[in-house]
Amino acid sequence: MNQANIHRLVATQLKQKDADALFDLRLAANLPLIQNLFSSLYPDEHHKAHFQKLMDLLSRLYASRPSELKKQDLERLNSGNWYQSEKIMGMQLYVEHFNKNLNGLKEKLPYFKDLGVNFLHLMPITTRPKGESDGGYAVNSYLQVDKRYGTKEDLLALTFEFRKEGMYLMLDFVVNHTSNEFSWAKKAMKGDKKYQGYYYTFEDYTIPSEFEKNLPEVFPETSPGSFTYVPEMNRWVMTVFNSYQWDLNYTNPEVFLEMLTNLVKLTDLGVDVVRFDALAFLWKKMGTISQNLPEAHDLVALFRMCLQVVAPGVILLAEAIVAPTDIIKYFGEDQKRGNECEVAYNASLMALLWNSIATKRTSLLYKSLDHVPPKPVDCTWINYIRCHDDIGLGYENQLIQELGWNPDMHRKFLLDYYCQHLDWSPSKGLMFMYNPKTGDGRITGSSASLLGLEKALELKDDVLITESINKIVMLHGIILAFGGIPLIYAGDEIGTLNDYSFRNDNSKKDDSRWVNRPMQDWDTISKLDNRNLPQSKIYHTLQKLINIRKSNPVFADNNSLSLCHTGNDHILVFEKRGNVREGLLVLCNFDENAQVIETGWIKRLGYFTKGDPLDLVSDRKLVMKSGLLEIAPYQLIWLKRD
Ligand code: GLC
């Protein structure tokens, strides 16, 4: 049982629902963990006063939480884990690319309703430097809305509307770094020692050069190395991402206390899910790659345990784009099990799906998913195909080797396949951050362009267009059924192609991720009634699948997913079980040719007890020939047992 369950238990047992008494109980229940985590990061002998400060801070933060949100916190304590429900359907978007600003977004609520979306991740909306700002991930403040999006009042009006409409909101908390224009950085530049201590700053390059021996480069093309010399303060500062993003120094407890305040204040604006950006990087230690360190996990758990005391209705998402066995650790292990982040990006599934599209094989997917230990029951995934970032090829080398492939050559093949180095490939992606020193590279591009729609439309080839639509639907069908929150990247629901306009913008041209950050195409959306358009076919099929998901509890994440091995290397099959009889069988063909599988085992699972089962996707009964089931190229099948 994790801490959230203890709070739920206490909240439901308490006869008189006194919110303040519950706060005291939550604090009492989390205190041993908070104290342990705090003192493991900030030893007692030096930091007693800081711990006292933390205790005072928690009470103050709770006192200033808006009463409407306190009420909602209690309601959420009394209900189940909303984020595991089949009813949740997410979309990620850039406000300014979607419909101008926050007010413009509000006007589009009917669009989300039509598609079935009720969970939104808005990309950063706070102030940032002019020019390059890593899409707002270089923050000038954590709470001030940038005026291009509107005002704080607009945001409050939006979150109010969301609550009324049953929409959930996720915003980023860029927890690892600030911009070089953030007030702390400015003071540090002016020579203020206190604020120089909020970052990792060094008087010369001696320590940085020691660090550099082990630190991998995140943006080797545009921001090589992990330290930047700042002439204004005549010091070096750690900048693991871009040179204008300064890494916060969490060995300093003042930084933790200030950031906890920022975190809670962000949730006080009506945010339901906080996306912990780049959290794998939170702790640095010389001689290590400074990712996924045990202290980073302690810090995340400490944030979570404190937030839970103050705002128990708010949950955290781990943005840890790391190896599969490392991602799962952000749900918490051992004593912290279930006590770090409630949700994590299923980056492994995402990258494996792209691998399967290129190779037309599912062997690495099965191997890798089988390799990951089960997640804690109260945690869940965000399942997605594309987001605003690149696709990294973070597969486990050992598993690639076990398939008889050479990991370096395999990655090279994937880059060639997706980044237009192979004439026969249908894909039109771009290379991101190719590092000639290591041969590493990542992939950018919209899902439709990566899945062949751009090329097919250029060639005016109806067969290829249909094939691409089928791939788009199949991948979305997988993330809708995998258990967790499916997150569509805005534009993908209408097969939006790459946007090459970033090449004309000096602040964007070196970052090819902008190719997959297009403007929402309202012109196409206005024509969706024309069912012959490829965009319309994608939209209406996804709309239908979302509707099926939301009407069938078997799609909820009840920790019952199992992979079914069919013996056919092109096929992916998994089953989700619901209550006693309920089941969902998902079958997909990653090959360009039809494939057959034997069906005896499907019968034994009970999917034929009422005659030939109905495929919910096509509304057709499955046809068997001599005990074999034929699955068309890139076909998605959903079978339900009830
Ligand atoms: C996350 C964001 C990415 C950003 C990075 C640095 O990975 O998704 O867009 O560049 O953090 O903030």
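In each ligand, atom 1 is the first atom listed, and ligand 1 is the first ligand listed.
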- Parallel, tilted or perpendicular: rings of Phe227 and Phe211 (30°, 60°): tilted

- Do the two ring centres, one from Phe432 and one from Tyr418, sit under 6.0 Å apart? no

- Message: Around atom NZ of Lys108, are there more than 12 heavy atoms from other residues, nucleotides or ligands closer than 6.0 Å?
- Response: yes

- Please list, by chain and number, the protein residues whose heavy atoms come under 4.0 Å of ligand 1. Asp134, Tyr137, His177, Phe219, Phe241, Gln245, Arg275, Asp277, Glu319, His388, Asp389, Arg513

- Parallel, tilted or perpendicular: which fits the ring planes of Phe173 and Phe303, with parallel below 30° and perpendicular above 60°? perpendicular

- Query: So does Gln144 have more than 12 non-hydrogen atoms from other groups sitting under 6.0 Å from CD?
  - Reply: no

- Item | Glu340 bridged to Arg304 by N-O distance under 4.0 Å | no

